[in-house]
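Atom set for the values below is all heavy atoms of this structure, side chains included, hydrogens, waters and symmetry mates excluded.
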Amino acid sequence: MKKQLEAMLASMTPEVYQRLATAVETGKWPDGVALTQEQRDNCLQLVMMWQARHNDTPQHMTIAKGGEMVTKSKKELKEEFGIDSDVTRIHLH
């Protein structure tokens, strides 16, 4: 089983990874058919394993290359999105 999994991961293209990641996020295949819980669980595992091997620029709450979970601070996210930390936000209630 491990050899089959290794072969599957080695042959996964970025396009296949993106389709699996989108399916996990939306709960649906590209044709609109809902994933079963087993399919969703399996796809999530594949996505995380692929990220652990190939994710050189991890986003917030993803798996970085090497298998490390990445969480970014609010400051890091603002910098990444080009939001000036001096910007004043007004919250209307």
- Item | Arg40 atom CZ: more than 12 heavy-atom contacts under 6.0 Å |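 It does: Arg40 CZ has more than 12 such atoms within range.
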
- Would you indicate whether Met12, at its atom CE, is surrounded by more than 12 heavy atoms from other residues, nucleotides or ligands within a distance under 6.0 Å?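 Atom CE in Met12 is crowded, with more than 12 foreign heavy atoms closer than 6.0 Å.
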
- Qualifying side-chain hydrogen bond (donor to acceptor under 3.5 Å, both in side chains) pairs with a residue from residues 41-50, counting only residues at least two apart or across chains: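 Sorted pair list: Gln37-Asp41.
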
- Message: Could you work out, with side-chain hydrogen bond (donor to acceptor under 3.5 Å, both in side chains) as the rule, every residue matching Glu15, not counting sequence neighbours?
- Response: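 side-chain hydrogen bond (donor to acceptor under 3.5 Å, both in side chains) list for Glu15, sorted by chain: Thr13.
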
- With sequence neighbours left out, write down each residue that passes side-chain hydrogen bond (donor to acceptor under 3.5 Å, both in side chains) with Glu25, or none if nothing qualifies.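 Listed in chain order: nothing, the list is empty.
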
- Item | Separation of Leu20 CG from Gln39 CD (nearest 0.5 Å) |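 Going from CD on Gln39 over to CG on Leu20, the span is 10.5 Å.
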
- Item | Gap between atom SG of Cys43 and atom CD of Glu38 - 0.5 Å precision |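 Rounded to the nearest 0.5 Å, the CD-SG separation comes out at 10.5 Å.
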
- Does the side chain of His54 come within less than 4.5 Å of Tyr17's, by heavy atoms?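 Result no, sub-4.5 Å side-chain heavy-atom pair not found.
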
- Query: Less than 4.5 Å apart, any side-chain heavy atom of Met8 and any of Gln4?
  - Reply: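 Answer no - side chains too far apart.
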
